[in-house]
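Take a look at the structure set out below.
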Amino acid sequence: MDTLQQIKRDLISIIKCHRPSRKEKISIFRFQVTGYLELLSWLKAQDLYPQFYLNFRDNDKKLASIGTVLSFSALNEAQQFILSNKVSLVGGMKFNNNVMFFLPRLLLEQTKDSLCIQFVINNEINWLDEKKEILELLDSLTLTKPIQDIKQTIQLQTKKASQQEWESWVEDVLREIKKGILTKVVLSNETNFVTDSPLDDKDFLAKSEKYNKDCYHFLLAENKHCTFLGSSPERLYQRNGQSLVTEAVAGTAVITDNEKQNKQQATWLLNDEKNGYENWLVVKDIKQNLFPHIEEINIQDKEIKRLRQVQHLKRRITARLKCGYLDQICLESIHPTAAVAGVPKKESKSFIQQVETFSREWYAGTLGIMAEDYAEFTVTIRSAFIEDNNIRILAGAGIVEGSVPLLEWEEIERKALGLISLLHKE
Ligand SMILES: C=C(O[C@@H]1C=C(C(=O)O)C=C[C@H]1O)C(=O)O
Ligand SMILES: [Mg+2]
């Protein structure tokens, strides 16, 4: 691939000339080449971890990164670092607000026919060690591996909560709602599969990109044996300077092969009181949490977000932040929204922690990219963990007054189908 050869030549000349600076912690090199690189095929051929990938929902931008030069477990440190070094960091927050941002060794950004590269050298560690890692990276840089169909035999092993058990969790929430302690809780379940050989994470995500349209497609592989990935319809926020675009995605109806029924379901969803309330609670939560930090806010009418197995109510929200660079505040105040946690936030989070018999980790967290003038994050729902021969797929639903346990169970089963349906051979 010409594009990759060109990158490799540029990087080699950087390495040859580089003398670690005593004054600067890191050296950043940026270049831009013309051409199209299939980032998932490229990532599939790379051996350096962590690996990160994000295919944006509303435009043709994709990111892929390998390696880490620095990592951050506190938002203020990540934000400060961006301000002083004018770089982009990738990563995000788990459901429980644990922060993981990192400065990748190599970050590729593909838009249409232009590929931008950010390459970083750490000047504070031994140059020989740095050089060794970089040369290893360069060895495989020009390689790509073709994406293949899933060929493993996959067996359903268990569901963390049986239908009966999960519906009893819903009854518990409804009782707390009646008592006036909780208003909404988003309950999830985990479905477990085993494969006869490890499922390739990039093959799986590529298949999801093909079938699950109009979604953010994300992947975070902390090492060779453990990947978190998914295809989410939901944006946490996008920030361009001081202008913020976020949304409330909540309230669900089915999509089937019957188009007439899909249209009826859409009309029903737009008018249904319980689903409207479920969505409005998310709007209210975002609005309240952003309120101290914004000058104005605009909430648009309900619209339908249509996916392959389900359709959702969605309201677009735009706001103007009081000051410029505020991702720490945006992330801390919005995440996790009432679309994945509940209302009140603290109480619903602790309810979830007590009741759910598995740990959400990155599920219902957020992943994205942040820089000084731009940031974009997705809510990591419709997601899965692939750990060697095991696959765990998670999905949840917002429980509010008026929720019917059986219907909520059917809702989470349909949501999980977005990924589960891809597990069979084509
Ligand atoms: C929590 C999930 O989805 C959320 C819950 C929804 C609902 O209950 O109607 C709809 C979209 C998402 O905000 C999930 O897919 O896991
Ligand atoms: Mg719902």
Side-chain angles (χ1 to χ4, degrees), residues 57 95 160-161 166 169-170 173-174 177 183-191 208 212 214-216 218 228-237 246-255 265-266 268-270 272-286 302-317 334-343 348-349 352 356 358 360-366 378-385 392-420:
R57 184 189 66 183
F95 175 73
K160 275 284 155 68
W166 197 83
W169 297 353
V170 177
V173 175
L174 291 172
I177 290 175
T183 305
K184 175 178 180 179
V185 179
V186 183
L187 284 178
S188 67
N189 199 11
E190 186 186 289
T191 312
S208 184
N212 292 315
D214 298 324
C215 287
Y216 286 92
F218 52 89
F228 174 68
L229 54 74
S231 297
S232 167
E234 195 167 337
R235 167 185 279 165
L236 185 69
Y237 71 85
T246 172
E247 61 196 29
V249 180
T252 306
V254 297
I255 289 283
Q265 282 284 309
W268 169 79
L269 187 58
L270 284 166
D272 180 60
E273 205 180 319
K274 177 256 179 188
N275 280 287
Y277 175 58
E278 216 180 305
N279 185 280
W280 185 248
L281 287 174
V282 179
V283 175
K284 223 170 92 179
D285 170 73
I286 292 178
K302 284 180 277 192
E303 54 180 289
I304 293 286
K305 170 87 190 161
R306 187 175 167 152
L307 302 167
R308 216 156 43 97
Q309 271 90 9
V310 287
Q311 46 189 329
H312 296 305
L313 285 180
K314 172 176 163 181
R315 272 200 184 89
R316 204 176 126 90
I317 302 166
I334 311 181
H335 170 77
T337 70
V340 292
V343 181
S348 56
K349 277 176 80 180
I352 289 166
E356 288 182 353
F358 47 89
R360 290 189 173 195
E361 300 162 40
W362 281 105
Y363 162 71
T366 184
T378 179
V379 181
T380 51
I381 50 172
R382 318 296 146 89
S383 50
F385 295 89
R392 302 188 274 135
I393 295 181
L394 288 96
I399 312 304
V400 294
E401 186 185 349
S403 279
V404 175
L406 172 65
L407 299 183
E408 299 295 351
W409 169 262
E410 287 171 354
E411 185 174 313
I412 62 165
E413 288 286 283
R414 280 206 84 78
K415 285 173 181 157
L417 271 184
L419 290 180
I420 293 175

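Just so it is clear, the structure is predicted and the values come from calculations on it, not from any experiment. Counting begins at 1 with the first residue of the sequence. Remember, it's 1-based here, ligands and their atoms both numbered in the order they're listed.
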Does Lys284 have more than 12 heavy atoms from other residues, nucleotides or ligands lying within 6.0 Å of its NZ? no
Check whether any N or O atom of Glu278, backbone or side chain, sits under 3.5 Å from an N or O atom of ligand 1, and answer yes or no. yes
Take atom CD in Glu303; do more than 12 heavy atoms of anything else shown fall under 6.0 Å from it? yes
Nearest-neighbour protein heavy atom for atom 2 (C) of ligand 1, which is reported as residue plus atom name and distance: Gly396 O, 3.3 Å
Quick check: Gly398 and ligand 1, any N/O pair under 3.5 Å apart? yes
Thr252 neighbourhood, listing ligand 1 atoms whose heavy-atom distance to it stays under 4.0 Å: 6 (C), 7 (C), 9 (O), 10 (C)
Any Ser188 heavy atom less than 4.0 Å from ligand 1: no
What closest approach, in Å, do Leu187 and Ile412 show between heavy atoms, and which atom pair accounts for it? O-CG2, 4.2 Å
Closest approach to the Mg ion (ligand 2) by Glu278, given as the N, O or S atom name: OE2
Which of the ligand 1 atoms, numbered from 1, are nearer than 4.0 Å to a heavy atom of Ala395: 16 (O)
Give the atoms of ligand 1, by number and element, whose distance to some non-hydrogen atom of Val186 is under 4.0 Å. 1 (C)
Proximal ligand 1 atoms for Ala339, defined as those under 4.0 Å from one of its heavy atoms: 1 (C), 4 (C), 5 (C), 13 (O)
First locate atom CG of Asn189, then atom CD of Glu408, and finally report the distance between them rounded to the nearest 0.5 Å. 13.0 Å
With a 4.5 Å heavy-atom cut-off, do Val249 and Val282 have their side chains touching? no
So that I can check it, does any N, O or S atom in Glu411 come closer than 2.8 Å to the Mg ion (ligand 2)? yes
May I ask you to identify the nearest protein heavy atom to atom 3 (O) of ligand 1, giving residue, atom name and distance to one decimal place in Å? Arg382 NH2, 3.2 Å
Enumerated ligand 1 atoms positioned under 4.0 Å from heavy atoms of Ala397: 8 (O)
Applying side chain to side chain donor-acceptor pair (under 3.5 Å) between Tyr216 and each of Glu234, Arg382, Arg235, Arg57, report the one that passes. Arg235
Just by modelled atom types, is the Ile334 backbone N or O under 3.5 Å from a matching donor or acceptor in the Thr337 side chain? no
When you compare ligand 1 with Gly251, is there at least one nitrogen or oxygen pair between them that comes in under 3.5 angstrom? yes
Under 6.0 Å between the ring centres of Phe218 and Phe228? yes
Hey, is Glu411 one of the residues with a heavy atom under 4.0 angstrom from ligand 1? yes
Using every non-hydrogen atom in the two residues, find where Ile381 and Ala364 come nearest and quote the distance to one decimal. CG2-CA, 4.2 Å
What are the atoms of ligand 1, with element, lying closer than 4.0 Å to any heavy atom of Val249? 11 (C), 12 (C), 13 (O)
the protein heavy atom lying closest to atom 16 (O) of ligand 1 turns out to be Tyr363 OH, 2.5 Å
Counting non-hydrogen protein atoms only, what is the nearest one to atom 6 (C) of ligand 1? Give residue, atom name and distance. Lys415 NZ, 3.1 Å
Main chain of Ile399, side chain of Glu278: is a donor-acceptor contact present, judged purely on distance under 3.5 Å? no
Do you know which two heavy atoms are closest between Val379 and Ser232, and how far apart they sit? O-OG, 2.6 Å
